[in-house]
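This report refers to the structure that appears directly beneath it.
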2 protein chains.
Amino acid sequence: MRASGAETAATRSGRGRRRTLSEDEILDAAMALLDEGGPKAASIRGIAAAVGVAPNAVYTYFPDKAAVVRALIERLLGEVNHDVFADRAQPWRLRLEALALQLRQRLCEHPGAVPLMIGGPMNGPHALSLNERLLELLADAGLDPVDAARASYLLIVYAFGSIALQLADVHDSGPAPPEAERIAARKRAFALAPADRYPRAAAAATTMAEYVSTEQYLWGLRRLLDGITARADSS
Amino acid sequence: MRASGAETAATRSGRGRRRTLSEDEILDAAMALLDEGGPKAASIRGIAAAVGVAPNAVYTYFPDKAAVVRALIERLLGEVNHDVFADRAQPWRLRLEALALQLRQRLCEHPGAVPLMIGGPMNGPHALSLNERLLELLADAGLDPVDAARASYLLIVYAFGSIALQLADVHDSGPAPPEAERIAARKRAFALAPADRYPRAAAAATTMAEYVSTEQYLWGLRRLLDGITARADSS
DNA sequence: GACTTTTTCTGTACGTCGTACAGTATATGT
DNA sequence: ACATATACTGTACGACGTACAGAAAAAGTC
C-alpha cells in the first residue's frame, strides 16, 4: 500500500524467522496514536502494544525511537503530490501556493506531527527533495533562493504548523481531554482577545483549519508574494 | 531582581518553616539548563539538583512541571520591552517591526524555549498582554485584526522560532554534542541544497541568528507588510 | 530426518522521568 | 511547653526508552 520502506532496506537473506510486521504497519500504528493522543501517546511501548508485540520487538525494525519518528515524518512528506507545483510551465506564484497548500494539508491531517518535525532536523530524502523543489521554484521566480525569500516562505508555511498545533491542542494531552475543555483551551490559546471585542476570533474556532483557515493562510502567503513581486519589479 | 512571581502569589501566612528558595531561583536554574542542554535537560530532577534540593521540593513552588514551563515562558515574554511598539504616535509598520524584533530577540537568546512554547498554549498575562498590543497595533493600521493580517504576522514571527530551533540543534541533545557535529547537522538541517549548487547556504551557518539573519527576518516581514499595505491602499 | 545457523521474537532489567505519600524539620502561634 | 502550619527529605510507583539474554521459528547442510 505504501511505497517507501523507512530508512533501511533490510537484507532479507531468506534465513531466519519470519517477521510478523512491516515497517509500515508500525508507522501506521504510530501515526494513529499520534493523531488521537498526541506525541506523548506515540511511545515505543504504545506502538508495540498497538501492533501486538513486545516493546523491544520494534527495535528489529528501527534502531531507536528517533528513527521511527524520522520515518514517520518522511512518509508524511512523501505523500505530498509533486505534480502540481513541479510543472515549470505554470506561473511561479501558483506553484508556490500549490506547494504551500500541500504542506498545509499534511499538517492539518496530522497536527501531532508538527512537534516531531520541530523537535529535530528533517534530513530524509523526501524532505530534501521538497527543499530542492522549493529552491528550483524560487530560482524560476528570479529570486535568490538562499536569501530571504526562501526563509520567508518557509517561515509562513512552517509557522502555520505551530499555530495550528496550539489550536488543535494535541501537544501533550492524555488519552482524550474532554471536548468542552479542548474548545475552551483553543479559545484561550491564540484567540487571546476578549471575546466581546473580537467576537469572531473567540467564537467558532472548532478546528485549527477553521481558525487559520485556508483563506487566511493563502491571504498571508499572497500578501508576502505581493511584497516580493513588487520588490522584484522595482529593482 | 525579577518582578513577576510566577502564577500563584503564595499565601505567606507567616507560620511554618521558611522556604529556602524562590520561584525565580527555580526558573533561573530551569532556564540555564534549558539553554545549555535543551528541553530534555530542563527536568524537574535536574532543576532540583541545580538548586540543591530534593526533586519533589519543587512541588512546593509549582504544582507540576507544566506550571514551571508556563512560568518560564511567561517570564521570558515579560522581558520584552513594550516601550518601542506601544507608542501609538509611531507609524504602525515601525511598531510591528519593533515587536517582531523584540520577540525574535527572546527566541534567539533562548532557542530551547521554542519547543516549550509550541508544546502548549500560552495563556499567561504577559502572553495575553502582548497579543492585546498586537491587536491594537493592527487595528491602528486599519486592518481587521482577527482576520488574516494577524495570523500572517504571527506566522512569520513564530515560525522563525521553529526554523531557528532546527538550526540551533537544541531540541533533544544530550549534555553537549560535539561542536563539529552540531555544525554539520545545522548545515543539513535547513540548508538542504547540495552545497555545490548553493554554496552560501551550506557554508557559514554557525548560529541560527546568522542563518536566518536579522536582515533576512526583517526582509520577509517587510515584504509581507508591503503586500498588506498595497492591498489596503487599493481597496 | 537431525543439526547448525540466522533472524525475530519475549522476558527481564536498568536508569530516567514526573510525582504521590508519609514522615521529619522548622517556623509561628497560643 | 505545646499545638499547628509550612517546607523539606525518603521512598516508592508507574511509564518511558532500551540493553541483554535467551527462546522460537524459519532456512541451509548433511
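All values below were derived from every heavy atom in this structure, side-chain atoms included, with hydrogens, water molecules and symmetry-related copies excluded. Model, not experiment: these values are computed from the prediction.
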Whole-Å distance separating the CZ atom of B:R19 from the P atom of D:dC8: 7 Å
Partners passing side-chain contact (heavy atoms from CB on, under 4.5 Å) against B:R45 (at least two apart in sequence or in another chain): B:S43, B:P55
B:T20 vs D:dC8: side-chain N/O to OP1/OP2 distance below 4.0 Å: yes
Identify the pairs formed between an N or O of the protein and an N or O of nucleotides 14-17 of chain D at a distance under 3.5 Å, and give each distance.
{"from": "D:dC16", "atom 1": "OP1", "to": "A:S43", "atom 2": "OG", "distance (Å)": "3.2"}
{"from": "D:dG17", "atom 1": "OP1", "to": "A:I44", "atom 2": "N", "distance (Å)": "3.1"}
{"from": "D:dG17", "atom 1": "OP1", "to": "A:K65", "atom 2": "NZ", "distance (Å)": "3.1"}
{"from": "D:dG17", "atom 1": "OP2", "to": "A:I44", "atom 2": "N", "distance (Å)": "3.0"}
{"from": "D:dG17", "atom 1": "OP2", "to": "A:R45", "atom 2": "N", "distance (Å)": "3.3"}
{"from": "D:dG17", "atom 1": "N7", "to": "A:R45", "atom 2": "NH1", "distance (Å)": "2.5"}
{"from": "D:dG17", "atom 1": "O6", "to": "A:R45", "atom 2": "NH1", "distance (Å)": "3.0"}

Which residues share a side-chain contact (heavy atoms from CB on, under 4.5 Å) with A:N81, sequence neighbours left out: A:D83, A:V84, A:Q102
Between P of D:dC2 and CZ of B:R15, the distance in whole Å: 17 Å
A:Y61 vs C:dC9: side-chain N/O to OP1/OP2 distance below 4.0 Å: yes
Test item: A:R133 side-chain N/O and A:L99 main-chain N/O as donor-acceptor pair under 3.5 Å: no
Residue whose closest nucleotide on DNA chain D lies nearer the 5' end, B:N56 versus B:G16: B:G16
Partner set under side-chain contact (heavy atoms from CB on, under 4.5 Å) for B:S22, not counting sequence neighbours: B:D24, B:E25
Nucleotide D:dT6, atom P - distance to CG of B:L21 in whole Å: 18 Å
Distance-minimising heavy-atom pair for B:V80 and B:R106: CG1-CG, 3.8 Å
Contact under 4.0 Å: B:R18 side-chain N or O vs C:dT28 OP1/OP2: yes
Under-3.5 Å donor-acceptor pair between A:R17 side chain and C:dT8 base: yes
Sequence-distant partners of B:V53, side-chain contact (heavy atoms from CB on, under 4.5 Å), two or more places apart: B:T20, B:L21, B:A48, B:V51, B:A57
A:A57 vs B:P55, nearer the 5' end of DNA chain C by closest nucleotide: A:A57
